[in-house]
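Notes follow once the structure below has been shown.
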Amino acid sequence: MTYVDGFVASVPTARRADFLQHAQAMGQLFKEYGALSVVDCWGDDVPPGKLTSFVLAVQCKPDETVVFSWITWPSREARDAAWKGIMADPRIQSAGEPPFDGKRMIFGGFEVLSAV
């Protein structure tokens with residue numbers, strides 16, 4: 001069954017080009033390890049909520065933009081094996097710090113129930 005890793009983070013707006021470069025490099029790495037697709041989105045219409053929202057969830061500051069990304073895998077097993085390889089890959093070790101605060105990133109793995 002298809003599996004998806006989802007991410008929401010807050011990136012300094014002035015670092016959009018850095019984020020794109022980082023996302024493209026990581027996306028190529030994920031694909032090498034078996035990802036079916038990698039999608040990275042830059043927030044364009046992300047309203048702040050009063051109780052819940054992407055903005056609140058990642059503590060987005062006025063000079064930051066919310067990003068939303070996902071990786072599609074053939075299965076949970078393929079994803080788990082890929083992550084082991086990715087985390088041991090020297091390229092991930094030499095990639096340096098991402099252009100966002102990882103402590104405020106939200107991450108989760110999801111089994112796909114329906115796709116139209």
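None of the values given here were measured: they were computed from a predicted structure.
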| field | Point-to-point distance, once rounded to the nearest 0.5 Å, from SG of Cys60 to CG of Asp101 | value | 11.5 Å
| Which atom pair, heavy atoms only, marks the closest approach of Trp73 to Ala82? | CZ3-CB, 3.4 Å
| said: Taking ring pair (Phe, Tyr, Trp, His ring centres under 6.0 Å) as the definition, give me every residue that meets it alongside Phe7, ordered by chain and number, with sequence neighbours left out. | reply: Phe107
| said: Pair Phe30, Trp83 - check ring pair (Phe, Tyr, Trp, His ring centres under 6.0 Å), show working. | reply: CA-CA 8 Å; Phe30 296 141; Trp83 273 108; 5.3 Å; yes
| message | Over 60° means perpendicular and under 30° means parallel, so tell me whether Phe19 and Trp42 are parallel, tilted or perpendicular. | response | tilted
| query | Between Gly34 and Pro74, which heavy-atom pair has the shortest distance, and what is it? | reply | O-CD, 3.5 Å
| Which atom of Arg79 lies closest to which atom of Gly109, heavy atoms considered | NH2-CA, 3.9 Å
| For the residue pair Lys31 and Val38, what are the closest heavy atoms and their distance? | CG-CG2, 4.2 Å
| task | Could you tell me the separation between the CE atom of Met105 and the NZ atom of Lys103, rounded to the nearest 0.5 Å? | result | 12.5 Å
| To the nearest 0.5 Å, how far apart are CD in Gln24 and CG in Leu20? | 4.0 Å
| query | Of Arg104, Arg15, Gln59, which is the lone residue that meets side chain to side chain contact (heavy atoms under 4.5 Å, CB included) with Glu64? | reply | Arg104
| said: Is there a continuous path of hydrophobic side-chain contacts, each under 4.5 Å between heavy atoms, that joins Trp70 to Tyr3? | reply: no
| Do you reckon Met26 sits in the same ILVMFWY cluster as Val11, going by side-chain contacts under 4.5 Å, direct or chained? | yes
| request: Evaluate whether atom CD of Glu32 has more than 12 neighbouring non-hydrogen atoms of other residues, nucleotides or ligands under 6.0 angstrom away. | output: yes
| Could Asp80 and Lys84 be called an ion pair, given the rule that one side-chain N must be under 4.0 Å from one carboxylate O? | no
| request: Might you confirm whether atom CG of Asp63 has over 12 heavy atoms from other residues, nucleotides or ligands at distances under 6.0 Å? | output: yes
| Mind checking whether Phe68 and Phe54 have parallel, tilted or perpendicular rings, split at 30° and 60°? | tilted
| Glu97 atom CD: more than 12 heavy-atom contacts under 6.0 Å | no
| task | Start with the C-alpha gap between Val67 and Asp40, add the side-chain angles, then the distance that decides, and say whether side chain to side chain contact (heavy atoms under 4.5 Å, CB included) holds. | result | CA-CA 7 Å; Val67 296; Asp40 295 290; over 6 Å; no
| query | Closest heavy-atom contact between Ile92 and Ile86? | reply | CG2-O, 3.0 Å
| field | Short side-chain to backbone donor-acceptor contact, Gln28 and Ala23, under 3.5 Å | value | no
| said: Side-chain heavy atoms nearer than 4.5 Å, only ILVMFWY residues, links allowed to pass through others: does that put Val66 and Val39 together? | reply: yes
| request: Consider only side-chain heavy atoms of I, L, V, M, F, W and Y, link residues closer than 4.5 Å, and tell whether Met1 and Val4 are in one cluster. | output: no
| For the student: nearest non-hydrogen atoms of Ser69 and Cys41, plus distance | OG-N, 4.2 Å
| note | Interatomic distance, CG@Leu36 vs CD1@Ile71, rounded to 0.5 Å, equals 11.0 Å
| said: If you define the side chain from C-beta out and look only at heavy atoms, does anything of Thr65 sit under 4.5 Å from Arg16? | reply: no
